[in-house]
> 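First the structure, which I've put down as structure tokens, then a few questions once you've had a look.
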There are 2 protein chains.
Amino acid sequence: MSKSDSTIRDIARTLGISKSTVSRALNNHYDVSQETARKVKELALKMDYQPNVLARQLKLQRTNTLGVIIPETINRFFAKAVGGIQEVANSAGYNVMICQSNETLTLEQNNLQTLMSSKVDGLLVSVSRQTDRSDHFQYAINKDIPLVFFDRILEELAVPQVYSDNFDISFQGTEHLIQQGCKRIAFVAGPLHLFNSRNRLNGYLEALKANNIPVLESLIVQANYQAGHVQQYTRHLFDAGEAPDGIFAINDISALEMMHILKMRGLQIPRDVAVLGFNNEVICDFVEPTLSSIEHPAFDMGVAATRILLKQISSKEITQQKELIKSRLVIRESSRRY
Amino acid sequence: MSKSDSTIRDIARTLGISKSTVSRALNNHYDVSQETARKVKELALKMDYQPNVLARQLKLQRTNTLGVIIPETINRFFAKAVGGIQEVANSAGYNVMICQSNETLTLEQNNLQTLMSSKVDGLLVSVSRQTDRSDHFQYAINKDIPLVFFDRILEELAVPQVYSDNFDISFQGTEHLIQQGCKRIAFVAGPLHLFNSRNRLNGYLEALKANNIPVLESLIVQANYQAGHVQQYTRHLFDAGEAPDGIFAINDISALEMMHILKMRGLQIPRDVAVLGFNNEVICDFVEPTLSSIEHPAFDMGVAATRILLKQISSKEITQQKELIKSRLVIRESSRRY
DNA sequence: ATCTGTCCCGGGAACGGTACCGAAATTTTT
DNA sequence: AAAAATTTCGGTACCGTTCCCGGGACAGAT
């Protein structure tokens, strides 16, 4: 825009050749002599020629842009995943357009709409907490837009999915607490229509079963992510009947908030209650006691999902590749008793 | 793309009218009868017509997209700011394209290049930690691309800037520590070629001066953000000569890491050392002692910057509006002695 | 009956590229 | 020397819009 960006035609005119030749020269096409190619490139540089991406996009029906829909950038997991996405995308010559659903279905649908009308070449999606249907994504699939889910996946859709082993790691984390002598382990569950939440809960349940520990409904709470809710269910867990001696929390911040409350009540961690968080935030190392947590390979999941998407875009073949990225249990003081 | 997206021409053909009429009808232009307008819209709906944004962009030389360059999404401040940007942009019908400089100058330059070639209608920028020059931005300005800086600004450029009162809040924070009886306040400074870092340091220095407290070079350290560095300068501060009795840290995580180290050494906070952080992360409320911090109005800055940018885009007039957003001191246990 | 004005509409030129097709120029082969 | 092959280039259509310009129809005014 501005004053007068030089175009391919300007170059052609001043050089006395046709614009097709200029185009070929600039795209290193074979059908052009080295001599003219040199002259064209030289002049292009001198005129500060910048190809008009919009024109190219219109002609090629391709934008070299990937659309990303995530719940929130403020969520460190997704922020990291976006890092991985951008790294892979950029080094492959793609731009990235990020939309946030703010954990709502309607915004997610809007985002999808705008990204599709922006003609992105492919989509990377982690669904919102509210999402309990998939027709909007099916619409995109019907339009042949390559689509890959990561982390918050929709297993019913026939597209590639990248996820972490929520069941295994949850099983493993629960067993770790059991090994530390916990008999009554409280579990903070997420929305159960989400694949991840279900798997985590199942991992917990199976671990209890495998170790002959009775499942107590009263020890399982549902996080609703509202302010004050952690306080509420913590009180519920520790005031009604026999208190838990272990906590598997849905994320580190909640875990720390619970720990804070328990310490105020005079409980010792991990002696009275062992605590295990989720996400392995930096802060885990700087609290007392240091917080055991689960390292979620966010960046790697972004990388993996983007790689699959790019392959999908270039090969045009439909895959349903599932890729599982392993999580890691990081044991620190808050859960170590021996 | 895909099978066969219907175009404006398809509608025209099946309706037996010209595509100009269809275009007018869809854009609610006046030069079209209500009857045909109705028919066109009806058919458009039935054919699931989606306007081809690329064609429109090319024709109008406008993308309805804002470009954003920030250091890192992983940084909560910028993640929040992005939230504010997207909110304002989306409700004004604009998309947002986010690029991360990863705190490097070269990536920042690349980002600018790609955003410009993507023909974004305007730019929102928070410069990287490395950025000590401004010619690349001057290039964009010369091309008449509306540009607004926020938080990490470049004061030498004649464009709108949105920033917070780093000097004032730093002065205020330092004075707070002084009022709590601190005589030897350590200060962790950022890179001094950054406007914000300089202002913060100056606020600290001026507060000391205003309270007749000698400035000690040995109490001022430069954070370089490398792993292990906090440990290093904490040791330096507390092992060489007389120890500080107050700390003004560059961010909450560093503050918490310092507190952790000091507690390990048997120091009491705030009794022996009062601590003040920066950013007011959620975690501040869940540590012991709870951490005093400075609330940085990230979201609001994003909102303000975007509003100015949009005004700039639509009015085409060049302003140099400066907008100052006030920060807030949040006093908690870590700095309260009385 | 002609003129003026309003209301609709169509034709076509852009926007700035890419790509196909054919042709001229040059070289190689027969 | 003629034919064939190859290299290099120009012409042009096209991507799907928007928008300017001009023209036809029809009304009311003269």
Side-chain angles (χ1 to χ4, degrees), chain A residues 1-41 43-44 47-65 93 116-121 143, chain B residues 1-41 43-44 47-65 93 116-121 143:
Chain A
M1 212 140 317
S2 80
K3 330 285 181 191
S4 61
D5 277 349
S6 55
T7 78
I8 213 174
R9 165 142 68 226
D10 298 331
I11 298 182
R13 215 166 10 217
T14 59
L15 238 47
I17 58 178
S18 81
K19 61 191 180 112
S20 6
T21 307
V22 177
S23 170
R24 276 185 297 240
L26 292 174
N27 292 329
N28 296 317
H29 222 284
Y30 56 97
D31 251 12
V32 60
S33 73
Q34 301 218 343
E35 174 63 12
T36 46
R38 194 188 52 74
K39 281 199 290 188
V40 167
K41 286 178 184 173
L43 185 61
M47 294 175 70
D48 191 28
Y49 166 77
Q50 306 284 109
N52 187 316
V53 184
L54 302 180
R56 199 208 311 261
Q57 288 176 351
L58 173 61
K59 175 61 189 175
L60 301 181
Q61 297 294 328
R62 180 163 35 86
T63 54
N64 271 285
T65 300
M116 283 181 65
S117 81
S118 295
K119 300 279 178 188
V120 293
D121 295 340
K143 289 252 177 192
Chain B
M1 212 138 315
S2 81
K3 332 283 181 193
S4 61
D5 278 350
S6 54
T7 79
I8 214 175
R9 165 141 69 225
D10 298 331
I11 299 182
R13 215 167 11 216
T14 59
L15 238 47
I17 58 179
S18 82
K19 61 197 176 98
S20 353
T21 307
V22 178
S23 171
R24 276 186 297 244
L26 292 174
N27 293 329
N28 295 317
H29 221 285
Y30 54 97
D31 253 11
V32 61
S33 73
Q34 302 220 340
E35 174 62 11
T36 45
R38 193 189 52 74
K39 280 199 291 188
V40 167
K41 286 178 184 173
L43 185 60
M47 293 174 72
D48 190 30
Y49 166 77
Q50 305 285 109
N52 186 316
V53 184
L54 302 181
R56 200 209 310 262
Q57 288 177 351
L58 172 61
K59 177 63 190 174
L60 301 181
Q61 296 294 327
R62 182 164 32 89
T63 55
N64 272 284
T65 301
M116 283 180 65
S117 81
S118 295
K119 300 281 179 187
V120 293
D121 295 340
K143 289 255 179 189

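Letters A, B, ... mirror the listed sequences (proteins, then strands); counts begin at 1.
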> Expressed in angstrom and rounded to an integer, what is the separation of A/Arg62 atom CZ from D/dG16 atom P?
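For the pair A/Arg62 CZ and D/dG16 P, the rounded distance is 15 Å.
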
> When you measure from the side-chain N and O atoms of A/Tyr30 to the phosphate of D/dC9, is any distance below 4.0 Å, counting only OP1 and OP2?
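No, A/Tyr30 has no side-chain N/O under 4.0 Å of OP1/OP2 on D/dC9.
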
> Could you pull out the closest heavy-atom pair between B/Val32 and B/Ala25, with the gap in Å?
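Looks like CG1-CA, 4.1 Å.
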
> Both B/Ala55 and A/Thr21 contact DNA chain D. Taking the nearest nucleotide for each, which residue is further toward the 5' end?
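The residue closer to the strand's 5' end, by nearest nucleotide, is A/Thr21.
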
> Grab the two heavy atoms, one from A/Gln61 and one from B/Asn52, that are nearest each other, plus how far apart they are.
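Heavy-atom minimum between the residues: OE1-ND2, 3.8 Å.
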
> Taking the side chain of A/Ser33 as heavy atoms from C-beta outward, which of D/dT18, D/dC9, D/dT17 is closest to it?
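The closest nucleotide is D/dC9.
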
> Please give, in whole Å, the distance from D/dT7 P to A/Ile17 CD1?
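Distance check: A/Ile17 CD1 to D/dT7 P gives 19 Å.
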
> For A/Lys119 and A/Leu58: C-alpha separation, side-chain torsions, deciding distance, then whether side-chain contact (heavy atoms from CB on, under 4.5 Å) applies.
CA-CA 10 Å; A/Lys119 300 279 178 188; A/Leu58 173 61; over 6 Å; no

> Taking the side chain as everything from C-beta on, heavy atoms only, tell me whether A/Arg9 gets closer than 4.5 Å to A/Val22.
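Side chain of A/Arg9 against side chain of A/Val22, heavy atoms only: no contact under 4.5 Å found.
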
> For B/Asn64 and B/Arg62, work out which heavy atoms get closest and say how close.
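Residues B/Asn64 and B/Arg62, closest heavy atoms: ND2-NH1, 3.4 Å.
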
> Using atom OH of A/Tyr49 as one end and atom P of C/dG17 as the other, report the distance to the nearest whole Å.
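Between P of C/dG17 and OH of A/Tyr49: 4 Å.
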
> B/Asp31 near the nucleic acid: base, sugar-phosphate alone, or nothing, with a heavy-atom cut-off under 4.0 Å?
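Base contact.
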
> What is the bend of the helix from C/dA1-D/dT30 to C/dT30-D/dA1 when you compare the axis at one end with the axis at the other, using five pairs each and rounding to 10°?
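That helix has its two terminal axes inclined by roughly 60°.
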
> Just how far, in rounded Å, is P of D/dG16 from CD of A/Gln57?
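One finds 14 Å between P of D/dG16 and CD of A/Gln57, rounded.
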
> Kindly indicate whether the side chain of B/Ile11, heavy atoms from C-beta on, has any atom under 4.5 Å from the side chain of B/Lys39.
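In short, these two side chains do not touch, never coming nearer than 4.5 Å.
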
> What is the distance, to the nearest angstrom, from the NE2 atom on B/His29 to the C1' atom on D/dC20?
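Distance, rounded to whole Å: 10 Å.
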
> Mind listing the closest non-hydrogen atom pair of B/Leu54 and A/Ser118 along with its distance?
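Closest pair (atom of B/Leu54, atom of A/Ser118, distance): CD2-O, 4.5 Å.
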
> Using a cut-off of under 3.5 Å, enumerate the N/O to N/O pairs linking the protein to nucleotides 11-14 of chain D.
from, atom 1, to, atom 2, distance (Å)
D/dG11, N7, A/Ser20, OG, 3.3
D/dG11, O6, A/Ser20, OG, 3.2
D/dC14, O2, A/Lys59, NZ, 3.0

> Please give, in whole Å, the distance from D/dG16 P to A/Leu60 CG?
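Taking atom P of D/dG16 as the reference, CG of A/Leu60 is at 12 Å.
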
> Testing the basics here: between B/Tyr49 and B/Leu26, what is the closest heavy-atom pair and its distance to 0.1 Å?
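That closest heavy-atom pairing would be CE2-CD1, 3.5 Å.
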
> Could you state the atom-to-atom distance from CG of B/Asn27 to C1' of D/dT17 in whole Å?
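So the two atoms are 9 Å apart, to the nearest Å.
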
> Check the distance between D/dG16's C1' and B/Met47's CE and give it to me in whole angstrom.
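Result: 14 Å.
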
> Determine the contact category for A/Leu54: base if any of its heavy atoms lies under 4.0 Å from a base atom, sugar-phosphate if only primed atoms, P, OP1 or OP2 are that close, otherwise nothing.
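It contacts nothing in the nucleic acid.
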
> Would one find a side-chain N or O of A/Asn52 under 4.0 angstrom from OP1 or OP2 of C/dC15?
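Checking A/Asn52 against C/dC15: no side-chain N or O falls below 4.0 Å of OP1 or OP2.
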
> Shortest non-hydrogen contact from A/Asp10 to A/Asp5?
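A/Asp10 and A/Asp5 have their closest heavy atoms at OD2-O, 4.0 Å.
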
